[in-house]
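Step one of this worksheet: look at the structure below.
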Amino acid sequence: MKNISIFMGLALLGTTAPVLTQGQDGPQPLLTVKEIMNGIITPTTSTIWGAYQLQSETEWLEVQNAALAVIGAGNLLALGGAADGEQNAAQESDWITYNSQMIEAARAVITAVDARDEEALSEAGNNALYPPCESCHQQYQ
Ligand code: HEC
């Protein structure tokens, strides 16, 4: 019994320690939505939308990394931005929907890169990645 309670105490320490370093409510946003758009989304989507006649492995990898960064940005947008009210907006179902669509589109980009399929890449970029930008901006920008 004694061993079990020591074990449980350690397990609790293990789970609570990282949370405490992030504050009571978990990780807090450090960037505003505008900063996420300008700092991450704009440069990476321009790499994806500008991908054309890719030849070297490096060029394909750049597109893949850009898509990974879009997913990372989507992860931040799910938390919400650091400006006033931006965390509340991120709880709304429309925000979650548009953001998920953007993340799914970035996954489709990665699938196209894996297949080295430029037609699938441009389809994912134009038909899947662009629409959620428009929808979210119409409602929230
Ligand atoms: C989940 C919602 C959402 C999605 C998805 C989204 N955006 Fe945004 N975006 C915003 C909001 C909100 C703003 C306004 C931020 C502000 O002005 O404070 C914005 C602003 C911008 C801006 C203007 C930044 C400025 O300096 O005013 C650009 C550029 C932009 N988004 C690009 C994109 C692109 C490209 C995509 C798609 C790949 C995208 N966004 C997807 C919510 C979104």
Side-chain angles (χ1 to χ4, degrees), residues 1 3-141:
M1 274 313 259
N3 282 342
I4 288 173
S5 64
I6 287 170
F7 174 75
M8 284 176 66
L10 285 175
L12 264 177
L13 266 180
T15 53
T16 54
V19 174
L20 286 174
T21 62
Q22 290 166 347
Q24 291 293 311
D25 305 320
Q28 299 299 307
L30 300 176
L31 301 174
T32 64
V33 170
K34 199 172 183 168
E35 287 169 338
I36 295 168
M37 294 296 146
N38 290 327
I40 309 175
I41 296 277
T42 297
T44 52
T45 53
S46 83
T47 297
I48 295 168
W49 286 324
Y52 179 63
Q53 295 188 334
L54 299 175
Q55 275 155 6
S56 67
E57 278 304 291
T58 312
E59 287 174 319
W60 283 105
L61 270 183
E62 268 169 21
V63 178
Q64 184 183 49
N65 288 336
L68 289 173
V70 171
I71 294 172
N75 213 169
L76 296 177
L77 290 171
L79 191 65
D84 277 351
E86 287 185 343
Q87 277 177 285
N88 292 336
Q91 303 305 311
E92 291 179 19
S93 67
D94 284 343
W95 180 279
I96 293 166
T97 300
Y98 305 141
N99 192 36
S100 305
Q101 287 169 346
M102 185 184 73
I103 291 169
E104 281 314 304
R107 290 195 207 284
V109 167
I110 291 172
T111 303
V113 168
D114 285 343
R116 300 293 186 262
D117 183 344
E118 212 171 275
E119 205 175 304
L121 173 60
S122 97
E123 214 171 278
N126 297 324
N127 302 340
L129 185 58
Y130 188 66
C133 316
E134 281 276 275
S135 309
C136 200
H137 294 159
Q138 259 165 32
Q139 198 165 329
Y140 292 101
Q141 193 175 12

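On a predicted model such as this, the values are computed, not experimentally measured, just so you know. Any value given below was found using the heavy atoms of this structure, including those in side chains, with hydrogens, waters and symmetry copies removed. Counting starts at 1 for both ligands and their atoms, following the listed order.
- With hydrogens and angles ignored, the 3.5 Å screen pairs no side-chain donor or acceptor of Q101 with any backbone N or O of P131.
- Distance alone, capped at 3.5 Å, is enough to place a donor-acceptor pair between the Q28 side chain and the G26 backbone.
- Against a heavy-atom cut-off of under 4.0 Å, P132 is close to the following atoms of ligand 1: 5 (C).
- Those atoms of ligand 1 with a heavy atom of W49 less than 4.0 angstrom away are 35 (C).
- Each of the atoms 29 (C) of ligand 1 lies under 4.0 Å from some heavy atom of T42.
- Taking any N or O of T45, backbone or side chain, none lies under 3.5 Å from an N or O belonging to ligand 1.
- Counting protein heavy atoms only, atom 24 (C) of ligand 1 is closest to N38 OD1, 3.5 Å.
- Here the CD atom belonging to Q138 is positioned 11.5 Å from the CG atom belonging to D94, to the nearest 0.5 angstrom.
- Looking at atom 18 (O) of ligand 1, its nearest protein heavy atom turns out to be K34 CB, 3.9 Å.
- The distance from the OH atom of Y140 to the CD atom of E86 is 12.0 Å, given to the nearest 0.5 Å.
- Here CD of E92 is found 13.0 Å from CG of N99. Values are rounded to the nearest 0.5 Å.
- Protein N/O/S atoms closer than 2.8 Å to atom 8 (Fe) of ligand 1, listed by chain and residue number, are M37 SD, H137 NE2.
- Expressed to the nearest 0.5 Å, how far CD of Q141 lies from CE of M37 amounts to 8.5 Å.
- Among the candidates I36, L31, I103, the single residue satisfying the side chain to side chain contact (heavy atoms under 4.5 Å, CB included) test with L77 is I36.
- Atoms OG and CD1, on S122 and I48 in that order, are 12.5 Å from each other to the nearest 0.5 Å.
- At distances below 3.5 Å, at least one donor-acceptor pair connects side-chain atoms of E59 with backbone N or O atoms of Q55.
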